[in-house]
K.L.:
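Before I ask anything, here is the structure I am working with.
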Amino acid sequence: MTARLTFEKRPFEKRLVAWLSGAGDALVSVLFPAGCRLCERVLLSASTVPICEECLGSFPALGGAACETCGQPLAAWSLGRGGGEAVGAGLVCPECQGREYGFERARSYALYKGALVRAIVLLKFERVEPLGRWFAERLAEVARREGIAADVVVPVPLHRQRERERGYNQADLVARPLARKLGLPYRAVLLVRTKPRPDKHILSLEERWDSVRGAFAARPGSKVDNLRVLLVDDVMTTGATLDACARALRGAGAKSVIGLTVARAARHPAVGFDESKPRDAR
Ligand SMILES: [Zn+2]
Ligand SMILES: [Zn+2]
(Lines give C-alpha, C1' and ligand atoms only; values in the text may rest on other atoms or scores of the structure.)
(Ligands and ions follow the chains in the order given, each with its own letter.)
Protein backbone atom coordinates (compact mmCIF):
# COMPACT_ATOMS: atom_id res chain seq x y z
CA MET A 1 0.00 0.00 0.00
CA THR A 2 2.73 2.46 0.99
CA ALA A 3 4.53 1.79 -2.30
CA ARG A 4 1.40 2.61 -4.23
CA LEU A 5 0.73 5.77 -2.27
CA THR A 6 4.17 7.19 -3.03
CA PHE A 7 3.35 6.82 -6.75
CA GLU A 8 0.31 9.03 -6.42
CA LYS A 9 1.70 12.25 -7.85
CA ARG A 10 3.83 10.85 -10.68
CA PRO A 11 1.85 10.30 -13.89
CA PHE A 12 4.15 7.68 -15.47
CA GLU A 13 4.16 5.48 -12.37
CA LYS A 14 0.48 6.03 -11.93
CA ARG A 15 -0.06 4.66 -15.43
CA LEU A 16 2.30 1.77 -14.66
CA VAL A 17 0.33 0.80 -11.55
CA ALA A 18 -2.92 1.08 -13.49
CA TRP A 19 -1.45 -1.17 -16.19
CA LEU A 20 -0.21 -3.66 -13.58
CA SER A 21 -3.62 -3.81 -11.95
CA GLY A 22 -5.06 -4.67 -15.33
CA ALA A 23 -2.30 -7.18 -16.02
CA GLY A 24 -3.57 -9.69 -13.53
CA ASP A 25 -3.52 -10.54 -9.88
CA ALA A 26 -0.50 -12.84 -10.05
CA LEU A 27 1.78 -10.14 -11.46
CA VAL A 28 0.65 -7.68 -8.82
CA SER A 29 1.35 -10.22 -6.10
CA VAL A 30 4.89 -10.74 -7.43
CA LEU A 31 5.58 -7.02 -7.39
CA PHE A 32 3.79 -6.31 -4.14
CA PRO A 33 4.29 -9.51 -2.19
CA ALA A 34 2.46 -9.87 1.10
CA GLY A 35 1.49 -12.77 3.27
CA CYS A 36 -1.93 -13.63 4.64
CA ARG A 37 -2.17 -12.05 8.08
CA LEU A 38 -3.67 -15.22 9.51
CA CYS A 39 -1.67 -18.06 7.94
CA GLU A 40 1.20 -16.35 6.08
CA ARG A 41 0.44 -17.95 2.70
CA VAL A 42 1.44 -15.61 -0.12
CA LEU A 43 -1.59 -13.64 -1.22
CA LEU A 44 -2.38 -14.39 -4.83
CA SER A 45 -5.09 -11.83 -5.42
CA ALA A 46 -4.77 -8.07 -5.65
CA SER A 47 -7.54 -7.66 -3.08
CA THR A 48 -6.82 -5.11 -0.36
CA VAL A 49 -8.07 -7.60 2.27
CA PRO A 50 -4.84 -9.00 3.78
CA ILE A 51 -6.30 -12.47 4.33
CA CYS A 52 -6.10 -15.38 1.86
CA GLU A 53 -9.12 -17.03 0.23
CA GLU A 54 -8.61 -20.22 2.25
CA CYS A 55 -8.76 -18.37 5.57
CA LEU A 56 -11.74 -16.25 4.47
CA GLY A 57 -13.47 -19.44 3.33
CA SER A 58 -12.82 -21.09 6.70
CA PHE A 59 -14.91 -18.61 8.72
CA PRO A 60 -17.84 -20.55 10.24
CA ALA A 61 -20.66 -18.69 8.51
CA LEU A 62 -24.15 -19.09 9.94
CA GLY A 63 -27.26 -19.57 7.87
CA GLY A 64 -29.05 -22.73 8.95
CA ALA A 65 -31.84 -23.14 11.48
CA ALA A 66 -31.39 -20.72 14.37
CA CYS A 67 -33.13 -19.09 17.32
CA GLU A 68 -35.70 -16.65 16.00
CA THR A 69 -34.63 -14.05 18.58
CA CYS A 70 -30.85 -14.19 19.08
CA GLY A 71 -29.72 -16.11 15.98
CA GLN A 72 -28.02 -18.84 18.03
CA PRO A 73 -27.65 -21.83 15.66
CA LEU A 74 -30.06 -24.64 16.43
CA ALA A 75 -27.24 -27.22 16.62
CA ALA A 76 -25.69 -25.33 19.56
CA TRP A 77 -28.65 -25.81 21.82
CA SER A 78 -30.44 -28.90 20.55
CA LEU A 79 -27.43 -30.98 21.63
CA GLY A 80 -27.63 -29.63 25.16
CA ARG A 81 -30.14 -30.35 27.84
CA GLY A 82 -32.58 -27.58 26.91
CA GLY A 83 -34.83 -27.94 23.91
CA GLY A 84 -36.07 -25.16 21.72
CA GLU A 85 -39.64 -24.08 21.84
CA ALA A 86 -41.75 -23.18 18.84
CA VAL A 87 -42.99 -19.61 19.12
CA GLY A 88 -45.04 -18.41 16.19
CA ALA A 89 -43.29 -19.43 12.99
CA GLY A 90 -39.88 -20.08 14.49
CA LEU A 91 -37.90 -21.64 17.28
CA VAL A 92 -36.65 -19.82 20.35
CA CYS A 93 -33.58 -21.08 22.21
CA PRO A 94 -33.64 -21.76 25.98
CA GLU A 95 -31.59 -18.59 26.65
CA CYS A 96 -34.23 -16.41 25.04
CA GLN A 97 -37.32 -18.10 26.43
CA GLY A 98 -38.89 -15.79 28.93
CA ARG A 99 -36.27 -13.10 28.32
CA GLU A 100 -37.19 -9.62 27.13
CA TYR A 101 -34.54 -7.87 25.05
CA GLY A 102 -34.51 -4.26 23.95
CA PHE A 103 -33.86 -5.49 20.41
CA GLU A 104 -36.35 -7.29 18.23
CA ARG A 105 -33.81 -9.86 17.02
CA ALA A 106 -30.08 -10.26 16.51
CA ARG A 107 -28.24 -11.89 13.65
CA SER A 108 -24.57 -12.52 12.90
CA TYR A 109 -22.43 -13.45 9.94
CA ALA A 110 -20.46 -16.27 11.61
CA LEU A 111 -19.52 -18.04 14.82
CA TYR A 112 -16.71 -16.54 16.87
CA LYS A 113 -14.31 -19.45 16.35
CA GLY A 114 -11.11 -20.46 14.60
CA ALA A 115 -9.55 -18.04 12.14
CA LEU A 116 -12.39 -15.55 12.59
CA VAL A 117 -11.24 -14.86 16.16
CA ARG A 118 -7.87 -13.67 14.84
CA ALA A 119 -9.51 -11.71 12.03
CA ILE A 120 -11.58 -9.83 14.61
CA VAL A 121 -8.36 -9.04 16.48
CA LEU A 122 -6.98 -7.45 13.29
CA LEU A 123 -10.10 -5.35 13.01
CA LYS A 124 -10.08 -4.41 16.66
CA PHE A 125 -6.45 -3.64 17.31
CA GLU A 126 -4.90 -2.97 13.90
CA ARG A 127 -7.59 -1.00 12.12
CA VAL A 128 -7.62 -3.17 9.00
CA GLU A 129 -10.25 -1.16 7.13
CA PRO A 130 -10.49 -3.36 3.99
CA LEU A 131 -11.42 -6.24 6.31
CA GLY A 132 -14.16 -4.04 7.79
CA ARG A 133 -15.51 -3.53 4.26
CA TRP A 134 -15.33 -7.26 3.56
CA PHE A 135 -17.33 -7.98 6.74
CA ALA A 136 -19.81 -5.27 5.73
CA GLU A 137 -20.45 -7.17 2.46
CA ARG A 138 -21.16 -10.34 4.42
CA LEU A 139 -23.53 -8.47 6.76
CA ALA A 140 -25.33 -6.92 3.78
CA GLU A 141 -25.90 -10.48 2.52
CA VAL A 142 -27.23 -11.51 5.95
CA ALA A 143 -29.55 -8.47 6.01
CA ARG A 144 -30.93 -9.38 2.58
CA ARG A 145 -31.32 -13.07 3.41
CA GLU A 146 -33.07 -12.30 6.71
CA GLY A 147 -35.30 -9.64 5.16
CA ILE A 148 -34.05 -7.01 7.60
CA ALA A 149 -35.58 -3.59 6.95
CA ALA A 150 -34.20 -0.48 8.65
CA ASP A 151 -34.16 3.30 8.34
CA VAL A 152 -30.77 4.04 9.85
CA VAL A 153 -27.50 2.28 10.75
CA VAL A 154 -25.89 2.91 14.15
CA PRO A 155 -22.64 1.38 15.50
CA VAL A 156 -22.26 0.24 19.12
CA PRO A 157 -20.06 3.01 20.53
CA LEU A 158 -16.94 2.72 22.65
CA HIS A 159 -16.53 4.80 25.77
CA ARG A 160 -14.84 8.13 24.94
CA GLN A 161 -11.75 7.15 26.91
CA ARG A 162 -11.42 3.79 25.15
CA GLU A 163 -11.93 5.32 21.71
CA ARG A 164 -9.25 7.90 22.43
CA GLU A 165 -6.78 5.18 23.42
CA ARG A 166 -7.56 3.01 20.40
CA GLY A 167 -7.98 5.86 17.95
CA TYR A 168 -11.13 4.44 16.38
CA ASN A 169 -14.20 2.34 17.02
CA GLN A 170 -13.96 -1.10 15.42
CA ALA A 171 -17.76 -1.31 14.99
CA ASP A 172 -17.54 1.83 12.86
CA LEU A 173 -15.17 0.06 10.42
CA VAL A 174 -17.99 -2.35 9.58
CA ALA A 175 -21.12 -0.25 10.16
CA ARG A 176 -20.11 2.67 7.92
CA PRO A 177 -19.51 0.63 4.74
CA LEU A 178 -22.57 -1.49 5.58
CA ALA A 179 -24.79 1.62 5.62
CA ARG A 180 -23.37 2.58 2.23
CA LYS A 181 -24.06 -0.87 0.78
CA LEU A 182 -27.61 -0.87 2.11
CA GLY A 183 -28.19 2.72 0.95
CA LEU A 184 -29.13 3.81 4.48
CA PRO A 185 -28.15 6.91 6.47
CA TYR A 186 -25.35 6.35 8.96
CA ARG A 187 -25.31 7.87 12.45
CA ALA A 188 -21.90 7.29 14.02
CA VAL A 189 -22.46 9.42 17.10
CA LEU A 190 -26.11 8.88 17.85
CA LEU A 191 -25.34 6.61 20.80
CA VAL A 192 -22.75 7.26 23.49
CA ARG A 193 -21.30 4.94 26.08
CA THR A 194 -21.59 6.80 29.35
CA LYS A 195 -20.19 4.11 31.64
CA PRO A 196 -16.78 2.58 30.82
CA ARG A 197 -16.46 -1.18 30.80
CA PRO A 198 -14.68 -2.69 33.83
CA ASP A 199 -10.93 -3.26 33.48
CA LYS A 200 -11.34 -6.93 34.25
CA HIS A 201 -10.93 -8.97 31.07
CA ILE A 202 -13.05 -12.03 31.60
CA LEU A 203 -16.46 -11.31 32.99
CA SER A 204 -18.97 -13.91 34.08
CA LEU A 205 -22.32 -13.90 32.30
CA GLU A 206 -23.99 -12.02 35.13
CA GLU A 207 -21.13 -9.51 35.34
CA ARG A 208 -21.48 -8.86 31.63
CA TRP A 209 -25.14 -7.96 32.04
CA ASP A 210 -24.39 -5.79 35.08
CA SER A 211 -21.49 -3.98 33.44
CA VAL A 212 -23.55 -2.67 30.53
CA ARG A 213 -26.84 -2.01 32.27
CA GLY A 214 -27.57 1.68 31.70
CA ALA A 215 -24.12 2.13 30.14
CA PHE A 216 -25.41 3.71 26.90
CA ALA A 217 -27.47 6.77 26.10
CA ALA A 218 -28.82 8.44 23.00
CA ARG A 219 -27.12 11.79 22.47
CA PRO A 220 -29.50 14.57 23.53
CA GLY A 221 -31.33 15.99 20.54
CA SER A 222 -30.64 12.95 18.33
CA LYS A 223 -33.50 12.18 15.99
CA VAL A 224 -34.54 8.54 16.19
CA ASP A 225 -38.27 9.04 16.61
CA ASN A 226 -40.14 6.20 14.99
CA LEU A 227 -37.04 4.91 13.18
CA ARG A 228 -36.12 1.28 12.70
CA VAL A 229 -32.49 1.07 13.78
CA LEU A 230 -29.92 -1.43 12.53
CA LEU A 231 -27.42 -1.68 15.38
CA VAL A 232 -23.98 -2.99 14.38
CA ASP A 233 -21.12 -4.47 16.41
CA ASP A 234 -18.13 -6.75 15.90
CA VAL A 235 -18.95 -9.54 18.38
CA MET A 236 -22.10 -10.56 20.24
CA THR A 237 -21.35 -12.50 23.40
CA THR A 238 -24.39 -12.59 25.69
CA GLY A 239 -26.47 -9.99 23.88
CA ALA A 240 -26.14 -7.70 26.93
CA THR A 241 -24.42 -4.88 25.01
CA LEU A 242 -26.90 -4.96 22.14
CA ASP A 243 -29.71 -5.05 24.68
CA ALA A 244 -28.41 -2.02 26.61
CA CYS A 245 -27.90 -0.04 23.38
CA ALA A 246 -31.33 -1.02 22.09
CA ARG A 247 -32.97 0.08 25.33
CA ALA A 248 -31.30 3.49 25.07
CA LEU A 249 -32.45 3.83 21.45
CA ARG A 250 -35.99 2.76 22.26
CA GLY A 251 -36.00 5.18 25.19
CA ALA A 252 -35.11 7.94 22.73
CA GLY A 253 -38.09 7.02 20.56
CA ALA A 254 -36.77 4.40 18.11
CA LYS A 255 -39.54 2.20 16.75
CA SER A 256 -37.47 -0.98 16.70
CA VAL A 257 -33.89 -2.19 16.87
CA ILE A 258 -32.30 -5.14 15.10
CA GLY A 259 -28.77 -6.16 16.10
CA LEU A 260 -26.27 -7.28 13.46
CA THR A 261 -22.78 -8.47 14.40
CA VAL A 262 -19.88 -9.93 12.47
CA ALA A 263 -19.45 -12.78 14.94
CA ARG A 264 -21.33 -14.35 17.79
CA ALA A 265 -20.05 -16.51 20.60
CA ALA A 266 -21.12 -20.12 20.31
CA ARG A 267 -23.16 -20.84 23.38
CA HIS A 268 -24.08 -24.17 24.75
CA PRO A 269 -26.85 -24.23 27.34
CA ALA A 270 -25.18 -26.90 29.44
CA VAL A 271 -21.71 -25.40 29.54
CA GLY A 272 -22.10 -21.70 28.88
CA PHE A 273 -19.63 -20.53 26.25
CA ASP A 274 -17.38 -22.72 24.17
CA GLU A 275 -13.59 -22.64 24.39
CA SER A 276 -13.22 -19.66 22.09
CA LYS A 277 -15.08 -17.21 24.29
CA PRO A 278 -14.28 -13.60 23.54
CA ARG A 279 -11.62 -12.37 25.93
CA ASP A 280 -12.93 -8.84 25.75
CA ALA A 281 -16.21 -8.05 24.11
CA ARG A 282 -15.49 -4.34 23.83
ZN1 LIG B 1 -4.58 -17.39 5.18
ZN1 LIG C 1 -32.01 -17.20 21.43
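The figures that follow rest on heavy atoms only: side chains count, while hydrogens, waters and symmetry mates do not. Indexing begins at 1, ligand by ligand and atom by atom, following the structure's order.
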K.L.:
Using a 6.0 Å distance limit plus a 45 degree cone around the ring axis, check whether Arg213 lies over the aromatic ring of Trp209.
P.N.:
no

K.L.:
Are any side-chain N or O atoms of Arg219 and backbone N or O atoms of Val192, one a donor and one an acceptor, separated by less than 3.5 Å?
P.N.:
no

K.L.:
Distance to the ring centre below 6.0 angstrom and angle to the axis at most 45 degrees; does that hold for Arg247 and Phe216?
P.N.:
no

K.L.:
Can you tell me, to 10 degrees, how wide the angle at the Zn ion (ligand 2) is between SG on Cys96 and SG on Cys67?
P.N.:
110°

K.L.:
Could you please compute the angle at the Zn ion (ligand 1) from SG of Cys39 to SG of Cys52, rounded to 10°?
P.N.:
110°

K.L.:
Less than 4.0 Å between a side-chain N and a carboxylate O, is that true for Arg144 and Glu141?
P.N.:
no

K.L.:
Working to 10°, measure the angle at the Zn ion (ligand 1) formed by atom SG of Cys55 and atom SG of Cys36.
P.N.:
110°

